[in-house]
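Counting convention: from 1, in listed order, for ligands and their atoms alike.
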Amino acid sequence: MSFQFKPIGLIHSPFKEKFGIPRQPGLVPEIRATLELVPPYNNPEAVAELEGYSHIWIQFVFHQILNQEWQPRVRPPRLGGNQRVGVFASRSPFRPNPIGLSVVVLEQVVVDGDSVVLELSGVDLLDATPVLDIKPYIAYVDSVPDAECGFAPAAPEKLLRVQFSPQAEEQLQGRVDAVDLRALIIRLLELDPRPAYAAEDGRVYGFRLYDFDLRWQVDGDRVLVLELAG
Ligand code: SAM
């Protein structure tokens with residue numbers, strides 16, 4: 001049996017590469033993104049009453065790793081990247097069917113003619129991610145407060161203190177953004193996005209966010225934002 005699904009929408013997010021994206025939704029509430037429904041699904045009827053929900057489930061394709069092989073065991077970053085667990089006991093993107101599932105905040109439903117856009121926050125999604133389906137989050141079904149959660153019993157700790165260089169401070173002050181960029185950068189970096197195998201003090205890391213490269217460096221438990229490069 002095989003199936004073919006068409007994307008019903010596309011994500012527009014500030015993340016232009018995989019590195020730097022939080023490993024799960026909700027960890028960085030400051031992230032704003034949109035989900036734009038594509039024809040023929042951009043029918044306002046399809047989202048009628050959706051605004052009554054504060055959260056939605058998004059099923060999406062890990063489109064940037066489509067050609068990569070899956071393995072039955074993976075090494076979750078949560079276990080420091082050196083212990084293996086079964087792929088189905090993990091949220092790894094490298095799976096037999098590279099489909100992801102994220103619960104995100106639905107800020108607003110914006111319908112304007114044939115443009116149907118869901119404004120979201122707290123996403124863990126790359127820009128241009130194809131979306132297969134949207135479902136409302138229903139607390140009495142989807143929330144299981146006493147669930148056992150294997151090797152991920154609680155949210156990851158904030159590992160690093162974030163500081164800004166004078167250059168980064170100046171660059172931040174020169175920007176006009178719809179989001180609190182300073183708060184967003186702090187929340188992203190305090191989680192320490194580095195894979196354990198590549199965590200090196202003094203090395204300059206960078207990832208593309210919005211229209212700039214965020215460059216930063218770790219020293220012990222401190223991360224210094226060096227610059228927002230053009
Ligand atoms: N919450 C989802 C889940 O559990 O299925 C995704 C979890 S996965 C660990 C999150 C990571 O997937 C992000 O940190 C990012 O590196 C990666 N990612 C997000 N969107 C992607 C895409 N469209 N293609 C490939 N990788 C993506």
Peer 1: Does R208 have any salt bridge (charged side-chain N to carboxylate O under 4.0 Å, His left out) partners at least two apart in sequence or in another chain, and if so, which?
Peer 2: D213
Peer 1: Taking the side chain as C-beta and beyond, is there a heavy-atom pair between L125 and I21 under 4.5 Å?
Peer 2: no
Peer 1: If only atom types and distance count, is the side chain of S92 paired as donor or acceptor with the main-chain N or O of V74 below 3.5 Å?
Peer 2: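 No: the side chain of S92 does not pair with the backbone of V74.
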Peer 1: Is the closest side-chain heavy-atom distance between R73 and V87 below 4.5 Å?
Peer 2: no
Peer 1: Filter on salt bridge (Lys or Arg N to Asp or Glu O under 4.0 Å), then keep only pairs touching residues 219-230, sequence neighbours left out; what's left?
Peer 2: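 Non-adjacent pairs meeting salt bridge (Lys or Arg N to Asp or Glu O under 4.0 Å): R161-D221, R215-E227.
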Peer 1: Hey, which residues fall under 4.0 Å of ligand 1 on heavy atoms?
Peer 2: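 For ligand 1, the contacting residues are K18, I21, P22, R23, Q24, P25, F60, V61, F62, H63, Q64, R91, P93, G100, L101, S102, D124, L125, L126, T129.
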Peer 1: Holding to ring-ring contact (aromatic ring centres under 6.0 Å, His included), I want the full list of residues that pass it with F60, two or more places apart in sequence or in another chain.
Peer 2: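 ring-ring contact (aromatic ring centres under 6.0 Å, His included) list for F60, sorted by chain: F62.
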